There are 2 protein chains.
Amino acid sequence: MTKRGIKDVAQRAGVAVGTVSRVLNEHPSVNADVRARVKAVIAELGYRPDPFARSMRSKVSRLIGIVIPDLTNPFFAELVQCAERAAADHSHNVIFMSSFDDAVKEADRLAQLAGRKVDGIIIVPCNSPHSIKAPKGLPLITVDRLLADHPGVAADNRGGARIAVDYLAKLGHRRIACIAGPAGSRPAEDRLQGYLDVMTTLPQGRAKIEPLFVNAAFDYESGRAAGAFLLARPRDERPTAIFASSDQQAIGCLRAANDLGIPIPAGLSVVGFDGIPLSNLITPRLTTIVQPMAQIAEAAISSLLGRRDMPEVGKPDLFQCELAIRESSAAPLLEPTAVAAR
Amino acid sequence: MTKRGIKDVAQRAGVAVGTVSRVLNEHPSVNADVRARVKAVIAELGYRPDPFARSMRSKVSRLIGIVIPDLTNPFFAELVQCAERAAADHSHNVIFMSSFDDAVKEADRLAQLAGRKVDGIIIVPCNSPHSIKAPKGLPLITVDRLLADHPGVAADNRGGARIAVDYLAKLGHRRIACIAGPAGSRPAEDRLQGYLDVMTTLPQGRAKIEPLFVNAAFDYESGRAAGAFLLARPRDERPTAIFASSDQQAIGCLRAANDLGIPIPAGLSVVGFDGIPLSNLITPRLTTIVQPMAQIAEAAISSLLGRRDMPEVGKPDLFQCELAIRESSAAPLLEPTAVAAR
DNA sequence: CTATAGTTATGAACCGTTTCCAAATGGACA
DNA sequence: TGTCCATTTGGAAACGGTTCATAACTATAG
């Protein structure tokens with residue numbers, strides 16, 4: 001089996017290389033039967049155009065770069081997986097890179113991707129306040145952690161949080177606390193804002209309604225600590241429901257409740273955020289706000305490829321979240337006072 | 001800033017393009033001072049060779065493909081992250097692909113990577129029994145889930161399991177059960193074998209020592225169910241220690257113990273396998289066998305790149321695991337009989 | 001001093017496509 | 001019949017590097 005090039009195809013089909021090239025690229029100006037003949041030969045020879053030769057001339061690499069802070073964060077892992085699938089749908093491949101949440105490494109990765117001449121870059125910027133310099137002429141879009149000076153696409157964090165807290169309120173909860181994310185994180189702040197939105201508009205009943213939140217990192221252990229803190233108060237002041245800003249926090253919070261002997265969901269409702277796979281595997285299965293990751297990834301990819309308008313800078317595309325009601329939430333028990341009155 | 005090519009560098013340095021090329025590729029036959037001068041010009045101009053032009057002629061892409069079944073499995077996520085880092089150390093980039101544990105998709109991904117002319121492929125094959133056809137001439141190495149007909153690199157699963165069970169035995173445990181992985185999975189079987197190795201060589205004391213294991217998928221919920229099963233027996237027959245074949249199983253098992261009111265580690269020791277990040281974040285922090293993921297990834301990459309001998313087919317390179325003693329394990333309480341005799 | 005070998009540098013050919021311009025063909029129309 | 005477009009095809013130039021045969025120069029040996 002000798003190596004086959006476009007020339008072999010052309011010769012065997014009795015046409016010029018240019019014609020074969022046009023067939024390859026679905027160029028309209030080629031006769032139907034010629035096109036068919038060439039395609040037949042291509043199939044027969046099992047010919048595959050060399051992507052390097054192709055990219056060199058055409059300046060299109062069919063490659064998308066994706067840079068994320070840390071793949072061991074299940075949320076980002078899911079994002080990468082969705083992005084790869086979306087890219088594949090547009091017959092692109094994905095070059096993956098990790099920034100380890102380090103602005104210097106991040107800049108380096110970006111430069112590498114530019115050197116690779118990728119067709120676009122998806123980036124979840126690292127947390128340190130910094131500006132990323134997009135290699136100019138190269139479409140770049142931020143995901144999840146939005147930056148003010150770059151186009152972005154993300155979940156509607158504020159709206160999602162509202163849905164969660166609204167749901168808890170409708171269930172009858174009034175003492176709803178919030179484990180907020182780390183200060184300075186854009187998604188964290190949006191989610192907290194959503195929580196506050198609902199809490200401040202809840203009709204004041206007999207019991208005073210006041211927001212109660214505590215900042216914590218997004219991880220499991222921070223969630224546990226925050227949960228322990230919130231639950232360490234007298235029975236009649238203790239929250240009956242907790243909205244956590246990440247599933248990992250929520251899972252940690254579940255553990256904290258468990259340690260205190262508080263039954264879930266009878267004694268405490270917990271709602272998470274993100275919808276990572278783990279949230280549906282634990283016991284009790286976690287009620288959570290699931291981000292439409294597939295949609296987000298698809299939007300990012302098609303924006304980069306120009307098959308969809310790029311979101312305006314400063315006006316990111318937001319995607320609606322959905323509430324997944326599972327086992328960690330329920331209506332609150334009767335108030336202790338009510339019980340006593342019986 | 002006009003686009004700069006190798007010609008501009010050559011001209012500015014007063015040498016021929018061929019010379020610049022040789023400097024670029026660290027070819028020995030170029031004088032030290034010429035080399036220095038050229039390098040200076042390269043730096044000055046910020047020149048970056050076009051990877052496509054380069055690859056087209058040289059047939060080297062500096063690209064590594066990696067195909068894994070599912071990125072939402074934290075173990076694979078860590079693998080991918082390590083592989084990317086290792087590849088970067090050899091100035092290669094990584095094209096990531098997910099097979100969704102589907103043999104058909106897997107074959108397609110492999111073909112795509114071959115088309116991309118990557119320099120090598122790392123693959124964690126999907127579980128269904130099938131043979132993967134490596135595009136010939138393209139180095140391919142399996143990781144973790146080894147295949148009989150391809151070179152592979154993995155953790156020493158059997159040895160790692162031995163370390164875990166040995167540790168539990170030395171702690172004084174005798175009724176040590178095992179949550180084995182799914183039947184048919186190579187790593188699962190090796191770990192089970194390691195467990196059996198130790199159990200069958202333990203000196204028989206007063207109490208009869210007999211292996212006890214149950215198969216379960218590697219995930220959290222399966223581990224919980226398996227744990228519940230193993231712990232649902234009379235107090236004096238119940239295992240005092242459980243070795244799980246994955247951290248996810250172990251974490252599920254922790255939950256099962258918790259549901260039964262069994263304190264950890266006082267009433268039950270649990271040891272996991274893998275060393276995923278989550279294992280160190282939960283409460284209690286999980287004692288586990290950690291796989292040297294960075295080493296494994298590095299070995300895979302450098303084998304692919306020919307900087308290290310490719311493992312022989314049928315004789316995979318195995319890497320020593322390490323025991324991370326944390327909070328989920330301790331010596332067993334006195335036997336109930338002993339307590340009664342007091 | 002010449003022959004021989006060894007080291008560096010040169011520059012043209014080449015890699016496998018895409019792209020562009022020119023040429024061929026065919027039909028409509030005057 | 002001759003002109004003028006529109007459509008389709010051919011063929012060569014480009015893309016930006018690497019590689020290789022060759023030349024130029026040095027050093028060593030005879």
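Here the structure is a predicted model, which means the values were calculated and not measured. Throughout, protein chains are lettered first and strands after them, A, B, ... in sequence-line order, and every chain is numbered starting at 1.
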- Message: Could you tell me how far apart Lys7(A) (NZ) and dG10(D) (P) are, to the nearest whole angstrom?
- Response: 16 Å
- Message: Checking contacts here: which listed nucleotide (dC15(D), dT9(D), dT18(D)) is nearest the side-chain heavy atoms of Lys59(A)?
- Response: dC15(D)
- Check every strand shown and say whether Gly5(A) touches a base, only sugar-phosphate, or nothing at a heavy-atom separation below 4.0 Å. sugar-phosphate
- Would you kindly give the CZ-to-P distance between Phe52(A) and dT18(C), to the nearest whole Å? 15 Å
- Query: Can you check salt bridge (Lys or Arg N to Asp or Glu O under 4.0 Å) on Arg35(B) and Glu26(B), steps first, answer last?
  - Reply: CA-CA 9 Å; Arg35(B) 174 188 307 277; Glu26(B) 305 290 353; 3.5 Å; yes
- Please tell me which of Ala53(B) and Ala16(B) maps to the more 5' nucleotide of DNA chain C, matching each residue to the nucleotide holding its nearest heavy atom. Ala16(B)
- Item | Spacing of Ile6(A) atom CD1 relative to dG16(C) atom C1', expressed in whole Å | 8 Å
- Ignoring hydrogens and angles, answer whether the base of dT17(C) and the side-chain atoms of Arg57(A) contain a donor-acceptor pair closer than 3.5 Å. no
- Let me know the distance between NE2 of His27(A) and P of dG10(D), rounded to the nearest Å. 15 Å
- Message: What is the distance, to the nearest angstrom, from the CZ atom on Arg4(A) to the P atom on dC15(C)?
- Response: 17 Å
- Message: Let's see if you can work this out: which of dG16(D), dT9(D), dG17(D) has an atom nearest to the side-chain heavy atoms of Asn31(A)?
- Response: dT9(D)
- Message: Nearest heavy atom decides the nucleotide; on that basis, is Val15(A) or Pro49(B) closer to the 5' end of DNA chain D?
- Response: Val15(A)
- Query: Arg62(B) CZ to dG17(D) C1': how many Å, rounded?
  - Reply: 13 Å
- Enclosure of Arg308(B) CZ (heavy-atom neighbours >12, cutoff 6.0 Å): yes
- Message: Using whole Å, what does the distance between atom C1' of nucleotide dT18(D) and atom CD of Glu26(B) come to?
- Response: 15 Å
- When you measure from the side chain of Thr19(B), which nucleotide among dT19(C), dA9(C), dG16(C) comes out closest? dA9(C)
- Query: Checking side chain to side chain donor-acceptor pair (under 3.5 Å) for the pair Arg62(B)/Asn93(B): CA distance, chi angles, key distance, verdict?
  - Reply: CA-CA 6 Å; Arg62(B) 296 181 169 280; Asn93(B) 290 128; over 6 Å; no
- Step by step, would you call Ser29(A) with Arg22(A) a side chain to side chain contact (heavy atoms under 4.5 Å, CB included)? CA-CA 8 Å; Ser29(A) 78; Arg22(A) 267 172 252 136; 4.0 Å; yes
- Query: What's the CZ-C1' distance between Arg35(B) and dA9(C), to the nearest Å?
  - Reply: 13 Å
- When you get a sec, tell me which of dT9(D), dG17(D), dG16(D) is the closest nucleotide to the side chain of Arg22(A)? dT9(D)
- Query: Does a side-chain N-to-carboxylate-O contact under 4.0 Å join Arg12(B) and Glu44(B)?
  - Reply: yes
- Task: Would you indicate which nucleotide in dG17(D), dT17(C), dC15(C) comes nearest to any side-chain atom of Met56(B)?
- Result: dC15(C)
- Nucleotide nearest Ser21(A) (side chain, heavy atoms from C-beta), chosen from dT18(C), dT18(D), dG16(D): dT18(C)
- Would you mind telling me which of dA9(C), dT17(C), dG11(D) lies closest to the side-chain atoms of Asp50(A)? dT17(C)
